[in-house]
Amino acid sequence: MSRHPSTTAASPAGDPDAGLNPQQREAVETLDGPVLVIAGAGSGKTRTLVHRVARLVARGTEPEAILLLTFTRKAASAMLERAARLVGPACARVAGGTFHAFAHRMLRVHAPLAGYPVSFTILDRADTAGLLRQLAGELGLGGSGSRFPKKATVAAIFSRAANTGGDVTAVLERDWPHLLAEAEGLRRLYEAYTAYKRAHGLMDYDDLLLRWCDVLEAHPEVREAMGRRFRYLMVDEYQDTNAVQARILRLVACGHDNVMAVGDDAQSIYAFRGANFRNILDFPKLFPGTRIVKLERNYRTTQPNLDCTNAIIAHAREKFTKHLVADRPGGRRPVCFTALDELDQARFVADRVASYHARGVALAEMAVLFRAGFHSFQLEAELNTRGIPFTKRGGLRLVEAAHIKDVLGVLRLLVNPYDRVAWNRVLQLLPGVGPKGADRVFAAVVGAPDPFALLEEWPGRARWTPQVRRLGAYLRRLQGADLALPAVLERIEAWYRPYLERRFLEDHPRRSQDLAQLRGMAGRYEDAVTLLAEVALDPPEPDESAGEGDRLVLSTIHSAKGLEWRVVFVIHLAEGRFPAPSAEGRPEDLEEERRLFYVATTRARDDLYLCRPAMLNFSGAGLLPARPSRFLEEIPADLLEQVAPASPRAGVAVPAAAPREAAPPPGTGAFPPGARVRHTIFGPGRVLEVLGPEKLRVHFDVSGEKVLNLQYARLQRLGG
DNA sequence: TAACCAGCCGTCTTA
DNA sequence: CGGCTGGTTA
């Protein structure tokens, strides 16, 4: 590579790095060797990464030799576009994407080294749940009325086990002690699940990273080739990586150690997915000689907003001490709005949005953020009635809908005719075929050299035999037709239409629009394998192709990571909503909830609104007074401008006393016999008997009967 | 014995 | 809206 002195990086417009502060410059100019950038929110870390890419290219580094790993593929391409504007179109050739996409791309070549076929299939969450259900059934676990945990829990346990060496019992002891009674069954299921995936060419999200890591560890020639191919590695959002990702990074950087990791420990919000923000602390151990750079100047927002966000993170138990100082002058205090209820909150947001819009702020420059996907339902309704266009990020996605999965299931069979999850789905579309019938057909498919031909000559005498034969013939013809991807999808849709109409009597027109959209996206991908991987790893958002025009952004906080808007509303800042009830009683989870609140509030450039409804609709229990979120109460009152509803709406009582008084610690009166409840450790259950003013006998779905003392027990009322 | 259907329950975040 | 349950049907 050429070695221009770094200070003379060429640019027609003079110094392209003008305007960078000394810390950013230091990060940009340290081109060789390991660098760790601890960056505060809004400190211009994207800008820093962009300039470093530009600097590398300007001094003659081949763009293909630079690998930029970011949280989403979109973040990578946005950065590369900016870099291209800075030094030229060559930057577009920089390799970039998520760890999972990178691992997938590499495994499409090297999968056989990990004992997998090159045409393996990726299992998403629902696929995993379905497979676990089947395997549990085969092992005689988890029948109705048993105490076996829910599939989502099982999947979480297995994910953690896979990432920590495969010891299910150890994981249970640490994180799910109340499930230790099921350890034996879970261990058997884990082994069956692992063996099954390997035997049938299926990988879940963890496998993509783990198998790629295995290949790198066992094959020095592969990792040396990686080291030669990618000379410069950059990782954004490093606080959200897990131990396996750190190992992959270590292995891919072999031979040069030119790695820059950028992250903010205060914004670590993916622990539930195995991310560990202590990774940041360990980076210097992984890469000896690491240079550490801190970015503490904030360019995004104003001092009053920053005072508020600093106050939030000051309560974090564990943190690097970073005190952000705003670069921008002026600004006003964030507004804390106490709404009567959820409708009032929705109206307030819609009013303000409309008035900003009238004053010239584009809708797309404003965002409403919330903890969970369903928290925005009422607001969506309000926006619809007022005709304010919006787009929603996070929550349920196009590719998770049943009809899309049906169509993709057929595509998966064409790619991998031994994909059990796909067979299951497709076979059960046939009227009369249920789980048992699908199992029987699949059992024969496993040993068949040509599964489609086998179906064509299906010998069974069941009523649905002709349908199975027709399906086999159809699949064989489709496979032989050798069509381009959009044409294949068109054929699948035509075949699927009768089933669609049968299955979704009410709303098949809407669903078939989704299918058309899927077909439209298919043109972008070269083959089915790529489409399926993209859909699993980086689900395309339907709105970005169809969403012309100016739209307000509604987003979960997780999906808002790394983005910013002029005006930000955070809604549902009430106990019971935020922090998430499931974090109750788990100090580590509560810390993560606080960091999540921090991420939300640091998205605002100009105006920040913190909204809390004083009354909330709790499922089953009805409308109840809700205390403000504990995180809201941690902010010193003088840092916020308090706003209450102008006039109470008719028919809605405003709780007169402070809401904290309005909801005393619930006595047994809140839990009558028969009520559905949830306990932080024992999970859901039903009240059997009230034994005293503070004592209840409860039957828990998973762990059976317990006597609880309400003075200590954290019990939550559910519907029912 | 397996599939189907109606009704009920509860909803966290995600590559 | 989707997953689960329990009763009904072929």
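The sequence lines fix the lettering, A, B, ..., with proteins before strands; numbering per chain opens at 1. Values below: all heavy atoms of this structure, side chains included; hydrogens, waters and symmetry mates excluded. In this text, all values refer to a predicted model and were calculated from it rather than measured experimentally.
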Figure out the [atom1]/[atom2] separation between [X] and [N], and round it to whole Å.
X	N	atom1	atom2	result
A:Leu209	B:dA15	CG	P	13 Å
A:Phe370	B:dT13	CZ	C1'	12 Å
A:Trp464	C:dA10	CH2	P	19 Å
A:Arg503	B:dA6	CZ	P	15 Å
A:Asp124	B:dT14	CG	P	14 Å
A:Glu400	B:dT11	CD	P	18 Å
A:Tyr499	B:dC4	OH	P	12 Å
A:Phe71	B:dA15	CZ	P	6 Å

Touch class at under 4.0 angstrom, heavy-atom based, for [X] against every strand present:
X	result
A:Tyr270	sugar-phosphate
A:Phe374	sugar-phosphate
A:Arg502	nothing
A:Asp240	nothing

**OP:** Would you please indicate if the ring centroids of A:His558 and A:Tyr270 are separated by under 6.0 Å?
**Re:**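 Yes.
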**OP:** Indicate, with yes or no, if the rings of A:Phe374 and A:His572 have centres closer together than 6.0 Å.
**Re:**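 So the answer is no for these two rings.
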Taking only the side-chain heavy atoms of [X] (C-beta and beyond), determine which of [options] contains the nearest atom.
X	options	answer
A:Arg133	C:dG2, B:dA3, C:dC4	C:dC4
A:Arg125	B:dT14, C:dC1, B:dT13	B:dT14
A:His558	B:dT14, B:dA2, C:dC4	B:dT14
A:Arg371	B:dA15, B:dC12, B:dA3	B:dC12

Original post:
Under 4.0 Å: is that the gap between some side-chain N or O of A:Arg273 and OP1 or OP2 of B:dC12?
Top reply: no
Original post:
Looking at A:Ser559, does any N or O in its side chain come under 4.0 Å of the phosphate oxygens OP1/OP2 on B:dT14?
Top reply: yes
**OP:** For the residue pair A:Val235 and A:Val262, establish whether any side-chain heavy-atom pair is separated by less than 4.5 Å.
**Re:** no
**OP:** Give a yes/no verdict on base stacking between B:dT13 and A:Phe272: centres under 5.5 Å, planes within less than 30° of parallel.
**Re:**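 Yes, A:Phe272 stacks on the base of B:dT13, since the ring centres sit under 5.5 Å apart and the planes are within 30°.
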Original post:
Aromatic rings A:Phe102 and A:Trp212: how do their planes relate, parallel, tilted or perpendicular, breaks at 30° and 60°?
Top reply: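 Correct class here is perpendicular.
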Original post:
Is A:Lys561 salt-bridged to A:Asp240, going by a charged N under 4.0 Å from an acidic O?
Top reply: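 Salt bridge present between A:Lys561 and A:Asp240.
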**OP:** On DNA chain B, check which nucleotide each of A:Val433 and A:Ala580 is closest to and give me the residue with the more 5' one.
**Re:** A:Val433
Original post:
Is it the case that A:Ser119 and A:Asn416 place a side-chain donor and acceptor less than 3.5 Å from each other?
Top reply: no
Subject >> Closest-nucleotide 5' rank along DNA chain C - winner of A:Arg463 and A:Lys151 >> reply: A:Lys151
